[in-house]
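These notes are about the structure you will find just below.
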Amino acid sequence: MQTKLTKNRISKKAASFTESVIREMTREAVKYGAVNLGQGFPDFAAPEDIKQKAQEAIAADHNQYAITWGVKSFRDAIVEKTKWFLNLDVDAETEITVTCGSTEGMIAGMMATVDAGEEVVVFEPFYENYAPDAILSDAVPVHVPLYQTSDGWHFEKEELRAAFNERTKAIIICNPNNPTGKVFSREELEFIADLCKEFDAICFTDEIYEHIIYDLGFEDRKLKTEDQRPKHICMAQIDGMRERTVVVNSLSKTYSVTGWRVGYVIALPDITSAIRKVHDFLTVGAANPLQHAGAYALGLPESYYAELQSEYQSKRDFIVPVLQAAGFKCEMPQGAYYVMTDISDFGFKDDIEFTKHLIREIGVAVVPGSSFYHDKSLGSQKVRFCFCKKDETLAAAAERLQKIKSKI
Ligand code: GLN
């Protein structure tokens with residue numbers, strides 16, 4: 001007997017968002033043999049010593065479930081690192097949850113804190129995961145635009161203030177920012193902090209690019225006074241914000257191991273306890289041996305971060321002029337490893353058509369700008385390039401991009 005299917009087999013939540021466009025672009029790049037400047041992952045080798053530690057951890061049989069909220073030595077390393085880098089005291093027993101990447105950290109954090117119908121403020125353009133994160137946690141996203149000017153991306157204070165009200169549960173920031181490369185200044189963070197305090201809201205801060213900030217040598221930071229240093233400031237460092245900030249971080253970008261899926265969340269004990277419950281039933285835990293390797297990675301000396309920063313700075317300094325010469329309008333990003341570009345001079349209907357052309361005819365994959373906006377029309381003349389790639393990959397992309405004007 002044939003059964004009749006009368007019910008919707010797909011939930012309204014799952015039906016209301018698409019698969020990741022960023023990840024789809026990687027599949028397209030492979031299909032058409034394009035140089036992949038789309039999805040933000042390194043195409044160079046992860047550090048040998050970190051890989052070695054992971055192999056040793058497997059050999060030493062750290063192969064069963066770790067403690068749900070994270071291997072003790074890894075949580076201890078997070079405490080140490082957070083102390084020297086951010087000068088914040090964190091308790092390994094009650095304030096840290098190790099997650100399957102920052103992706104799980106963010107969604108577990110939101111599911112643990114947000115009730116249906118509560119509002120979450122999101123700057124736009126935003127990293128595409130935050131939209132499904134809001135849907136899956138039943139949050140109502142409220143978008144506040146970031147405007148591009150010749151000295152970077154900025155928000156209008158009045159627009160941000162107008163986005164807050166008594167239903168506001170949280171704001172999400174990504175700092176340094178994906179996709180714009182914006183680094184939030186102390187003044188901006190303080191303005192956001194004051195709103196969080198006034199409206200009793202939480203700040204989720206995605207900090208995965210904390211070490212990828214340009215125009216400063218790591219040595220310079222040490223020599224200059226606090227005010228002179230153009231350095232990364234974490235929202236949890238702002239007065240009164242430690243108790244209302246959920247810091248989401250990961251090994252992925254800082255140690256070039258995006259496939260390991262090891263992240264962590266730092267929050268006060270009441271929030272951490274809720275996050276740990278959600279995390280437990282979503283995933284049980286992150287990969288045990290990789291957390292052991294993470295304990296080693298977080299203990300690397302400051303010189304490691306100085307080198308990482310300077311390598312990305314030289315990649316940025318190479319690719320941005322190449323893009324400008326090819327006809328993309330863009331500015332130097334202040335942090336992270338992306339460049340949002342304006343494509344309006346190429347005369348394409350929209351970013352999707354342009355991206356198809358770029359992948360298939362020119363051989364370079366990017367991410368269409370619309371995937372970073374809730375109103376797709378806002379990103380329809382933008383595409384995002386990433387430059388966390390080998391120098392030869394960037395050089396190959398540069399060569400291909402020279403053809404762009406003649407092929408339109
Ligand atoms: N954060 C990276 C990006 O924006 C990779 C995202 C992902 O695929 N997890 O491209």
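Ligands are counted one by one from 1 in listed order, and the atoms in each one are counted from 1 as well.
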Is it true that Y214 and Y312 have ring centroids separated by less than 6.0 Å?
no

Do the numbers put K315 on top of the ring of F387, so that NZ or CZ is under 6.0 Å from the six-membered ring centre and no more than 45° off the axis?
no

Look at atom 6 (C) of ligand 1 and say which protein heavy atom is nearest, naming residue and atom and giving the distance to 0.1 Å.
Y127 OH, 3.0 Å

Measuring from the heavy atoms of Y338, does anything fall under 4.0 Å of ligand 1?
yes

Taking atom 8 (O) of ligand 1 as the point of reference, which of Q39, E24, K253 owns the nearest heavy atom?
Q39

V21 versus P368: any side-chain heavy-atom pair under 4.5 Å?
yes

Within 45° of the ring axis of F85 and under 6.0 Å from its six-membered ring centre, is that where the NZ or CZ of K81 lies?
yes

Per-atom contacts, ligand 1 versus Y209 - under 4.0 Å to a heavy atom
1 (N)

Do you know which of Y304, Y296, W260 makes ring-ring contact (aromatic ring centres under 6.0 Å, His included) with Y255?
Y304

Considering heavy atoms of the protein only, find what lies nearest to atom 7 (C) of ligand 1 and give residue, atom and distance to 0.1 Å.
R23 NH1, 2.9 Å

Compute the ring centroids of F372 and F126, then answer whether they are less than 6.0 Å apart.
no

Examine the proximity of ligand 1 to F41 and report which part, side chain or backbone, both or neither, has a heavy atom under 4.0 Å away.
neither

For the residue pair F354 and F348, categorise the inter-ring angle as parallel (less than 30°), tilted (30 to 60°) or perpendicular (more than 60°).
perpendicular

Check contact between Y337 and ligand 1, using heavy atoms of the residue and a distance below 4.0 angstrom.
no

Taking heavy atoms and a distance under 4.0 Å, where does N178 meet ligand 1: side chain, backbone, both or neither?
side chain

Check each heavy atom of R384 against ligand 1 and say whether those closer than 4.0 Å belong to the side chain, the backbone, both or neither.
side chain

One residue to check: E128. Relative to ligand 1, which of side chain, backbone, both or neither has a non-hydrogen atom less than 4.0 Å away?
neither

Parallel, tilted or perpendicular: which one describes the rings of F328 and F385, with boundaries at 30° and 60°?
perpendicular

Does an N or O anywhere in I208 fall below 3.5 Å from an N or O of ligand 1?
no

